[in-house]
There are 2 protein chains.
Amino acid sequence: MTIYDVAARAGVSATTVSRVLNGAKVSPESERVVRAAAAELDFIPNRTARRLRGQGSAVIGLIIPDIENPFFTALARGVENRARAAGYSVVLCNTDEDPERESTYIDIALAEHMAGVILAPADDASDVSRLVAQRRPVVAVDRSLAHADVDAVTVDNRAGGRSAAESLFAAGFTRVACITGPSSVETAQLRMAGWRQAAARHAGPDYLEDLLRYADYRVDGGRQAMAELLALPEPPDAAVVANNLMAAGALEALHDAGLAPPGFGLAVFGDLPFASFGRRGIRVVDVPARELGEAAAALLLDRIGGDTGPARTVVLRTREQK
Amino acid sequence: MTIYDVAARAGVSATTVSRVLNGAKVSPESERVVRAAAAELDFIPNRTARRLRGQGSAVIGLIIPDIENPFFTALARGVENRARAAGYSVVLCNTDEDPERESTYIDIALAEHMAGVILAPADDASDVSRLVAQRRPVVAVDRSLAHADVDAVTVDNRAGGRSAAESLFAAGFTRVACITGPSSVETAQLRMAGWRQAAARHAGPDYLEDLLRYADYRVDGGRQAMAELLALPEPPDAAVVANNLMAAGALEALHDAGLAPPGFGLAVFGDLPFASFGRRGIRVVDVPARELGEAAAALLLDRIGGDTGPARTVVLRTREQK
DNA sequence: CTGAAAGCGCTAACAC
DNA sequence: GTGTTAGCGCTTTCAG
């Protein structure tokens, strides 16, 4: 089923069919005949061939590290909204925080000639060099890339971490712990750094290291880290938790120990999904996931549109909510 | 950057390069030279061209109605596991329960020549006729298709709904309500039908309609439906809720009214994500999302592999957990 | 074991 | 306004 079949049936040339399908100028009569023939034959143009001929595909690849994390699905929603408005489709690829899978998907995006890629890097060292080498539009989102000069959209993680900790100290807590993500992940480092600044100011640096835990940005990691903290000779009375999933785990650990906010101070990065009724007393540093996605898509669409200016970094503001 | 560039650099023909890249028999020397040249040039074969030449692409399209629903992301995880093991990549498309967007993505899958499609239909009337007409492998998952003879993987929704209601009656509750999904969605109908059977047996059909609410499978819908039920002159003392998101909303409404499980009986279809500490006293009808995805992928891979037997429907068992 | 040549389905020059 | 022709990058007969 090709345009030649349609052409034969309509009694015109393949070119004319192509023109009709692409909205170029044709006589009304031709247009009518071609459309009729195409409809009768259930014809669907072959994008593969079209693309091979040189058209960029109207598909954007979005590569995320954890599809089961609502933060990233909200981000995906943002990308989708913006992309769809511009006539692009979005395909999602899940890397499971695995640099090798990430690399595979980057290759696919390249080989499939997607119009551009939005990448929430699994790791500091994510390698987008192939993308850059092929001059394919890329935008990093949520985390920026250490070794590459590409557009990025992030939030002010350090400031968020600092204000989260500050607000706990201001509320009267004195031993404010921190549960952050893997040390190879930028957001984890920055959020922790913010906490460290505030903690050093309010309590001196002496107890800091005791109350800092690196976990894995997952529910179980958060639970375990909080359990460890609570088992300390001098346990914390509050904590800053660096992402939503770990916070869910931390809440479970608290609950198991008979504790809960607001008695135990808790400040969390990112929304706590599907638990708003259990969120009372928790300070949430709202990370605007959807807006991150929208901003990243906007940036990418600019690049796809031909913008070749120097790399830009957009930093969105976090908002603290009670 | 084409195989001709690589061929030139390696001093062989494009054919030989192609052979090396596809693992055909070549002299060790040729192989070495070609690989070296490809590496130096950072060569990535163009899948578009490869596919045009006739190879099926090793990509499976997974079309889901709500990417922010953890049930579907878990399902996606299952599909991915199985597909990756077989060397296929998975791209996710989100329809937002919108038949038109679903249709667009089906067209894309078709036009992009994806190897097959797994569809969690937005609607009873989802139109897969084009897929079927083109003999492209399709598997429906979670919900089956009313008007099409295609493979499907579902769970025993009616039995699950019945046993959920039964266990609430057995626990001593007497006015067991039901909050189900849109009436155009099969799972919503069946889960409700199961509840109706049990309820009719235990309480007579008289009060049934009062205690039945159709909502939209989203958090807000669940909250609102539960609020309405609680405002009834004779409110229910328990409820079967037909999906995870609505259950989260229903819990909020209960909480606002000063109620909570286990005092108010609650049985829910699907896991309650990130809230296991708040899950005490809730009966969960476990819908094995990941297994659904795995089974669907297995079925699809069979079809891609050439299985042309009659359409099969696989029904997985739900498990009730406390 | 390797290469030359013929397309896959489409679109973009370039005639008519 | 419409058709002819020449590829896009790759794989695959078919000879050598």
Side-chain angles (χ1 to χ4, degrees), chain A residues 1-38 41-59 107-115 130 134-136, chain B residues 1-38 41-59 107-115 130 134-136:
Chain A
M1 179 58 51
T2 76
I3 53 172
Y4 288 94
D5 299 313
V6 178
R9 178 149 189 131
V12 298
S13 78
T15 308
T16 300
V17 176
S18 173
R19 284 202 258 258
V20 171
L21 265 32
N22 292 284
K25 263 227 125 349
V26 203
S27 79
E29 174 58 10
S30 294
E31 161 126 28
R32 203 185 54 70
V33 191
V34 169
R35 292 220 181 279
L41 294 173
D42 254 336
F43 173 71
I44 295 179
N46 183 327
R47 288 187 181 218
T48 303
R50 180 177 291 179
R51 189 174 322 153
L52 180 56
R53 194 59 185 73
Q55 318 271 312
S57 82
V59 175
D107 278 349
I108 290 180
L110 236 21
E112 299 274 352
H113 285 248
M114 293 181 186
R130 282 159 308 178
Q134 310 240 348
R135 312 188 154 284
R136 215 63 73 69
Chain B
M1 179 59 49
T2 76
I3 52 172
Y4 288 94
D5 299 313
V6 178
R9 177 149 191 131
V12 297
S13 77
T15 310
T16 300
V17 176
S18 172
R19 283 202 260 258
V20 170
L21 265 31
N22 292 285
K25 261 240 127 331
V26 205
S27 79
E29 175 57 11
S30 293
E31 161 126 29
R32 205 184 53 71
V33 195
V34 169
R35 292 221 181 279
L41 295 173
D42 254 335
F43 173 70
I44 295 179
N46 183 327
R47 289 188 179 218
T48 304
R50 179 177 292 179
R51 190 174 320 153
L52 180 56
R53 194 57 183 72
Q55 318 271 311
S57 84
V59 175
D107 277 350
I108 289 180
L110 235 23
E112 300 272 352
H113 284 245
M114 292 182 187
R130 282 160 310 179
Q134 310 241 346
R135 312 188 154 285
R136 214 63 74 70

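All values below come from the heavy atoms of this structure, side chains included, with hydrogens, waters and symmetry mates left out. These figures come from a predicted structure and were not determined experimentally. Within every chain, numbering begins at 1; the chains are lettered A, B, ... in the order of the sequence lines, protein sequences first and strands thereafter.
Heavy-atom minimum distance, A:I44 versus B:A111: CG2-CB, 4.2 Å. Minimum heavy-atom separation, A:T2 to A:F43: C-CE1, 3.6 Å. Of all non-hydrogen atoms in A:T16 and A:S30, the two that sit nearest each other are CG2-CB, 4.1 Å. The two residues A:A37 and A:R9 come nearest to each other via the heavy atoms CB-CG, 3.8 Å. In terms of heavy atoms, B:S13 sits closest to B:A7 at C-CB, 3.6 Å. Listed here is the closest heavy atom pair of A:V6 and A:V34: CG1-O, 4.1 Å.
Reading DNA chain D from its 5' end, the first and the last nucleotide to sit under 4.0 Å from a heavy atom of chain A are D:dG1 to D:dG9.
With respect to the salt-bridge test (charged N to carboxylate O, under 4.0 angstrom), the residues A:E112 and B:R51 qualify. Taking 4.0 Å as the cut-off between side-chain N and carboxylate O, A:D107 and A:R130 count as a salt-bridged pair.
In this structure, the helix from C:dC1-D:dG16 to C:dC16-D:dG1 shows an angle of 40° between the axis at its start and the axis at its end, each fitted on 5 base pairs and rounded to 10°.
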What does nucleotides 7-16 of chain C look like as a protein-contact string, B for base, S for sugar-phosphate only, - for none, at under 4.0 angstrom between heavy atoms? BBBBBB----

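Note that the CG atom of A:N46 and the CE atom of A:M1 stand 12.0 Å from one another [nearest 0.5 Å].
The one candidate from A:R47, A:R50, A:H113, A:R53 that meets the side-chain contact (heavy atoms from CB on, under 4.5 Å) condition with B:T48 is A:H113.
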